[in-house]
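Each chain gets a letter, A, B and so on, in the order its sequence line appears, and its residues count up from 1.
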Number of protein chains: 2
Amino acid sequence: MREGPDIARIASLVGDPARANMLNALMGGTALTASELALEAGVSLPTASSHLSKLMEGGLLTLASQGRHRYYGLAGPQVAGMIEAITGVAEAVGPKRVRPGPRDGAMRVARVCYDHLAGEQAVAMLDRLVARDILLRNENEIRLGPSATSHFSAIGIDVDAKPRRPVCRACLDWSVRRSHLAGTLGAAILDKILAEKWARREKDSRAVVFSPPGKQAFERVFLM
Amino acid sequence: MREGPDIARIASLVGDPARANMLNALMGGTALTASELALEAGVSLPTASSHLSKLMEGGLLTLASQGRHRYYGLAGPQVAGMIEAITGVAEAVGPKRVRPGPRDGAMRVARVCYDHLAGEQAVAMLDRLVARDILLRNENEIRLGPSATSHFSAIGIDVDAKPRRPVCRACLDWSVRRSHLAGTLGAAILDKILAEKWARREKDSRAVVFSPPGKQAFERVFLM
DNA sequence: AGAATGCTTCGATGGAGACCTAACTATGCG
DNA sequence: CGCATAGTTAGGTCTCCATCGAAGCATTCT
């Protein structure tokens with residue numbers, strides 16, 4: 001029997017799949033709301049809330065209340081370092097990813113992330129929008145460029161509406177490890193993709209599958 | 001829902017108090033038998049055996065059978081680093097130990113971290129080696145300086161051997177919150193300290209206690 | 001004020017796993 | 001061989017906690 005810092009307590013906090021998923025999502029560095037984290041973890045809102053209060057009590061998270069939103073973030077670099085260390089071990093001893101199934105491949109290409117598009121397609125889209133100066137990017141901040149209004153209104157998206165949520169937000173993509181576009185604009189684009197039937201959502205999955213003509217249309221609008 | 005390395009699996013292995021105690025005991029660097037670990041963990045032998053097979057299956061331990069004894073040890077430096085990282089967080093957020101006992105004081109000054117020295121002494125040593133340009137440090141990376149070979153060979157340590165493990169590595173010290181020296185060089189230095197009898201290991205603890213003349217010798221060689 | 005949204009608390013349920021005793025296998029010793 | 005020590009396996013109990021639906025606050029929008 002030993003004493004010393006209670007390492008089991010901390011480790012068991014990370015040891016639950018739902019909480020691990022949440023922490024993983026927060027490794028992107030941006031704080032997320034309880035709903036977003038519930039989606040990431042694949043659990044209901046009450047369950048997520050319970051997990052979050054445990055993580056808070058364990059000192060692994062910080063909380064920033066803004067109006068009716070509650071943004072949870074990692075408590076600090078030390079916590080992030082710990083997650084990295086655990087991830088490193090998991091990667092090393094890991095059950096050597098069996099053959100990635102077809103779903104995994106589709107998920108990698110394009111999937112829904114809360115309310116916007118993620119995956120290779122989404123990362124490529126953000127890159128292209130920035131390269132064309134339609135969006136301006138500075139580290140993790142994304143703003144509208146001068147031609148944004150005209151460009152997006154041409155395809156039926158109004159970026160000048162003043163919603164509560166930020167129009168643009170960077171969201172770290174776990175498969176590509178680079179950012180894609182979130183925020184209301186990201187959500188509006190996903191809406192358009194689905195409304196135009198360029199792609200459909202895989203049932204019971206976050207994967208988004210483009211039809212061949214839909215893919216062409218998407219690339220013509222966003223990747224040219 | 002995410003995928004990626006199964007961090008929850010690894011963390012939950014550490015997240016059980018009995019297993020955490022076992023891992024903690026193994027942080028001393030010496031392999032222990034199942035009975036010894038059962039004692040450390042405060043559980044019965046069958047329970048310990050069950051835990052050990054889980055840790056083995058999780059890839060956190062190595063096993064060396066010798067006759068009817070089975071010696072369990074940490075699987076490697078990466079696992080040791082993970083435990084240290086978790087310990088650091090637990091220490092930081094932990095239920096602020098009421099009053100540090102005498103043994104805690106000794107642990108703070110100098111202790112074994114898997115195969116190298118940790119604690120105030122170790123942090124001071126790395127600081128000094130960097131200040132003298134014997135080691136070159138850049139963030140978390142540590143390299144040998146130009147005079148390293150001659151300096152260490154003068155005290156009987158060969159730094160030019162090419163092992164698989166890195167010669168130098170930074171390891172975050174949970175008590176001081178700054179880095180100390182790990183890697184094969186860190187291990188060799190600990191070996192020398194014990195071989196020269198500058199210090200002895202506290203029984204059943206990771207603490208390392210310097211004798212007065214030993215402390216002088218150590219400081220002459222590494223802290224001047 | 002009333003409706004809508006974001007989140008937490010409550011209460012009940014089910015399943016996972018930590019634990020021990022007892023029985024079994026393996027190695028070493030006289 | 002027969003006994004002792006080291007360790008694992010089997011079987012069964014019990015506690016903990018992850019989970020969800022429903023209901024309750026809190027904040028903001030209209």
Side-chain angles (χ1 to χ4, degrees), chain A residues 1 6-23 25-26 31-58 60-73 114-115 161-166 169 182-184 187, chain B residues 1-2 6-23 25-26 31-58 60-73:
Chain A
M1 213 86 79
D6 195 351
I7 126 176
R9 185 174 125 82
I10 302 300
S12 70
L13 282 175
V14 188
D16 176 83
R19 286 193 293 261
N21 283 333
M22 291 175 170
L23 291 169
L26 292 172
L32 299 172
T33 66
S35 326
E36 289 169 321
L37 288 166
L39 266 164
E40 286 289 343
V43 294
S44 73
L45 234 160
T47 304
S49 183
S50 153
H51 284 309
L52 288 169
S53 52
K54 276 169 192 159
L55 288 170
M56 283 296 295
E57 196 179 357
L60 298 187
L61 297 186
T62 53
L63 173 58
S65 282
Q66 280 179 22
R68 62 182 164 182
H69 294 266
R70 314 194 73 184
Y71 287 93
Y72 290 91
Y114 186 45
D115 62 359
K162 292 280 192 305
R164 326 175 274 287
R165 285 175 58 195
R169 229 192 72 221
T184 55
Chain B
M1 210 92 73
R2 324 197 127 234
D6 194 349
I7 125 175
R9 184 173 124 83
I10 301 300
S12 70
L13 282 175
V14 188
D16 175 82
R19 287 193 292 263
N21 283 331
M22 291 174 169
L23 291 168
L26 292 173
L32 299 172
T33 66
S35 324
E36 290 170 319
L37 288 166
L39 206 66
E40 284 287 341
V43 294
S44 74
L45 232 160
T47 303
S49 182
S50 156
H51 284 309
L52 288 169
S53 53
K54 276 168 193 161
L55 288 171
M56 283 294 297
E57 197 178 356
L60 267 46
L61 298 186
T62 53
L63 173 58
S65 283
Q66 280 178 23
R68 61 182 165 181
H69 293 268
R70 315 193 71 183
Y71 287 95
Y72 290 92

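Atom CG of A:Leu32 is separated from atom C1' of C:dG6 by 15 Å (rounded to the nearest Å). One atom, CG of A:Leu52, and another, C1' of C:dG6, lie 13 Å apart when rounded to the nearest Å. A straight line from CG of A:Leu55 to C1' of D:dC17 spans 14 Å, rounded to a whole angstrom. Atoms CD (A:Glu57) and P (C:dT9) sit 11 Å apart, rounded to a whole Å. The distance from atom OH of A:Tyr71 to atom C1' of C:dT8 is 18 Å, rounded to the nearest whole Å. Residue A:Leu61 contributes atom CG, which lies 15 Å from atom C1' of C:dC7 at whole-angstrom precision.
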Could you spell out the base pairing of DNA chain C as a dot-bracket line? Use Watson-Crick and G-U wobble contacts where both distances are under 3.5 Å, [ ] for crossing pairs, | for partners on a different strand.
||||||||||||||||||||||||||||||

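Look at B:Arg70 and you'll find a side-chain N or O under 4.0 angstrom from OP1 or OP2 of D:dT8.
The two residues B:Ala18 and B:Ala41 come nearest to each other via the heavy atoms O-CB, 3.5 Å. Here the closest non-hydrogen pair linking B:Leu13 and B:Gly58 is CD1-CA, 3.7 Å.
Between A:Asn21 and A:Val43 there is no side-chain heavy-atom pair separated by less than 4.5 Å. Side-chain contact between A:Leu32 and A:Tyr72: absent, with no pair of heavy atoms (C-beta onward) separated by less than 4.5 Å. In this structure, B:Leu23 and B:Leu61 have side chains that are in contact, with non-hydrogen atoms separated by less than 4.5 Å.
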The test is side chain to side chain contact (heavy atoms under 4.5 Å, CB included); show your working for B:Leu52 and B:Leu63 and say whether it passes.
CA-CA 10 Å; B:Leu52 288 169; B:Leu63 173 58; over 6 Å; no

Worked verdict on B:Leu37 versus B:Leu26 for side chain to side chain contact (heavy atoms under 4.5 Å, CB included)
CA-CA 9 Å; B:Leu37 288 166; B:Leu26 292 173; 4.1 Å; yes

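Remark: B:Thr33 pairs with B:Glu36 by the side chain to side chain donor-acceptor pair (under 3.5 Å) rule, at least two apart or across chains.
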List the atom pairs, with distances to 0.1 Å, where a side-chain N or O of residues 44-51 of chain B and a protein N or O form a donor-acceptor pair under 3.5 Å, not counting sequence neighbours.
from    : atom 1 : to      : atom 2 : distance (Å)
B:Ser44 : OG     : B:Thr47 : N      : 3.4
B:Ser44 : OG     : B:Thr47 : OG1    : 3.0
B:His51 : ND1    : B:Arg19 : NH1    : 3.0

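Note on B:Thr33: only backbone sugar-phosphate atoms sit closer than 4.0 angstrom, heavy atoms only; bases stay farther off. Counting non-hydrogen atoms under 4.0 angstrom, B:Tyr72 reaches the backbone sugars and phosphates but no base.
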Scan nucleotides 14-30 of chain C nucleotide by nucleotide, 5' to 3', and note B when protein non-hydrogen atoms come under 4.0 Å of the base, S if they reach only the sugar-phosphate, - if neither.
----SSBBB----BS--

